Number of protein chains: 2
Amino acid sequence: MDAVDRKILRILQQDASLTVAEIGRAVGLSTTPCWKRIQKLEASGVIRKRVAILAPDKVGFGVTAQVSVQAGDHGRETVEAFIVAVQAMPEVLEFQRVAGDVDFCLRVVTVDIPHFEDFYRRLTSLMPLRRVSSYFELQQLKSETALPLALAPGARLQAPIADPAPGG
Amino acid sequence: MDAVDRKILRILQQDASLTVAEIGRAVGLSTTPCWKRIQKLEASGVIRKRVAILAPDKVGFGVTAQVSVQAGDHGRETVEAFIVAVQAMPEVLEFQRVAGDVDFCLRVVTVDIPHFEDFYRRLTSLMPLRRVSSYFELQQLKSETALPLALAPGARLQAPIADPAPGG
DNA sequence: TATGAAACCGTTTCTCT
DNA sequence: AGAGAAACGGTTTCATA
């Protein structure tokens, strides 16, 4: 993966609806080699998928929360069952095991506070937990799905991507 | 927005590389009306954008962390400058003001621990902070960009989307 | 608001450098 | 590896119900 591949990825992370010809123009390549590079990036799993990002408020989700969980002192099997159950909860978008003074972090969306309370009740009844903290989002200050490729190993620091000039 | 629109959105959130004809087939519509609905969902801002999702490890990001920040007792202007500075830090993917015993939550990616230390030093020198907690991700248990539309107001509970049958 | 046919344009393949 | 031309297929428009 070279600098041109990284440029392509930076563009596709920002807007995957551009045509191959437009992307090629932006990275200084004609459509065929640009298309071949994209195919390779998809085949090798660097590009995992292409998705549509929705506006949570426009589909009725008013609450998003960060939840930290400290597990009680339970056996491996209990914790594994907990993990499977949490993974299956649709309101959980992100779920990770972490190192620190908590064991798990979750990012949760719900329609409103009563729905969150219902979620919370279901979560805490899965297994006895030592501590659970919920942080409700008051203001979304930044939300990115794009990885900062300018910081990736091998990247020369680059300026942000300019739109391809309309006049060519 | 009706049940068909929600079906379309559920599909597009999962895989935005499907053709309009395929999506139409999955929701029981021919391509033209399906295409019109997608256009409307884009125009109204329900669909914010289409993006490529990359594999962090394949581009060299080995560390992702959740960082909680409790602000010191500072004036509005100091905090606003802090917010602007954090928004500009490329390693910060998510950044929100929250209610609870911390003030801000961040989701951060870096190449490795030394790079995280560098980030941490820059973050903590922006403004005196009362407390900063970092939780390093040990295991990604779930990672979704798709909102759980089955829980959205107005949604009848629906089964997961089946792939359109290969044979037609 | 849905459909099918047709026009248009982007993607994919092929050939050549 | 990259370029350009051609074939293919998906998108977008149009006419119609």
Side-chain angles (χ1 to χ4, degrees), chain A residues 1-54 58-59 149 152 154-156 158 161-168, chain B residues 1-54 58-59 149 152 154-156 158 161-168:
Chain A
M1 199 178 66
D2 63 8
V4 175
D5 284 328
R6 272 188 293 270
K7 270 195 188 182
I8 292 172
L9 292 173
R10 288 213 286 159
I11 294 170
L12 248 20
Q13 283 195 121
Q14 235 43 70
D15 185 355
S17 72
L18 296 171
T19 68
V20 177
E22 285 169 322
I23 298 165
R25 208 169 305 139
V27 305
L29 233 45
S30 66
T31 96
T32 307
C34 183
W35 178 83
K36 280 184 187 169
R37 280 168 181 268
I38 293 170
Q39 292 299 111
K40 210 168 186 175
L41 290 165
E42 278 170 346
S44 64
V46 174
I47 297 174
R48 280 209 312 143
K49 54 182 175 176
R50 290 151 183 264
V51 302
I53 303 293
L54 309 189
K58 302 235 178 182
V59 289
L149 292 184
R156 292 261 109 279
Q158 284 162 350
I161 301 148
D163 301 31
Chain B
M1 199 178 68
D2 63 8
V4 175
D5 284 328
R6 272 190 292 271
K7 268 195 187 182
I8 291 172
L9 291 173
R10 288 212 288 159
I11 294 169
L12 247 20
Q13 282 195 120
Q14 237 39 74
D15 184 355
S17 71
L18 296 171
T19 67
V20 177
E22 285 168 322
I23 297 165
R25 207 169 305 139
V27 305
L29 233 45
S30 66
T31 95
T32 308
C34 183
W35 179 82
K36 280 186 184 167
R37 281 167 180 266
I38 293 170
Q39 292 300 110
K40 209 169 187 174
L41 291 165
E42 278 170 347
S44 64
V46 175
I47 297 175
R48 280 207 313 141
K49 54 183 175 176
R50 291 151 183 264
V51 302
I53 303 293
L54 309 189
K58 302 235 179 182
V59 289
L149 293 184
R156 294 258 108 282
Q158 286 161 348
I161 303 149
D163 301 31

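Predicted, not measured: the structure shown is a model, and the values here were computed from it. In the text below, chain A, chain B and the rest are named by the order of the sequence lines, each starting its count at 1.
- For B/Ser44, the side-chain hydrogen bond (donor to acceptor under 3.5 Å, both in side chains) criterion is met by no residue, not counting sequence neighbours.
- Contact annotation: B/Arg37 side-chain N/O to C/dA2 OP1/OP2 distance is under 4.0 Å.
- Looking at residues two or more places apart in sequence or on another chain, you find a salt bridge (Lys or Arg N to Asp or Glu O under 4.0 Å) between B/Arg50 and B/Glu42.
- Interatomic distance, B/Arg37 CZ to B/Leu41 CG, rounded to the nearest 0.5 Å: 8.5 Å.
- Residue A/Ser30 is in base contact, counting any heavy-atom pair closer than 4.0 Å across all strands shown.
- In terms of modelled atom types and a separation under 3.5 Å, the side chain of B/Arg6 and the main chain of B/Gly154 share a donor-acceptor contact.
- By the side-chain hydrogen bond (donor to acceptor under 3.5 Å, both in side chains) test, A/Ser30 pairs with no residue at all, sequence neighbours left out.
- B/Ile38 has its CD1 atom 12 Å from the P atom of C/dA2, to the nearest Å.
- The side-chain hydrogen bond (donor to acceptor under 3.5 Å, both in side chains) check on A/Thr32 picks up nothing, with sequence neighbours excluded.
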*Can you give one letter per nucleotide of nucleotides 12-17 of chain C, 5' to 3': B if a protein heavy atom sits under 4.0 Å from the base, S if only from the sugar-phosphate, - if neither?*
BBB---
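- What you find for A/Val51 and B/Gln14 is that their closest heavy atoms are CG1-O, 3.8 Å.
- Contact record, B/Cys34 with B/Val20: SG-O, 3.9 Å, taken as the closest heavy-atom pair.
- Protein chain A contacts DNA chain D over a range whose 5' and 3' limits, counting nucleotides with an atom under 4.0 angstrom from a non-hydrogen atom, are D/dG2 to D/dA5.
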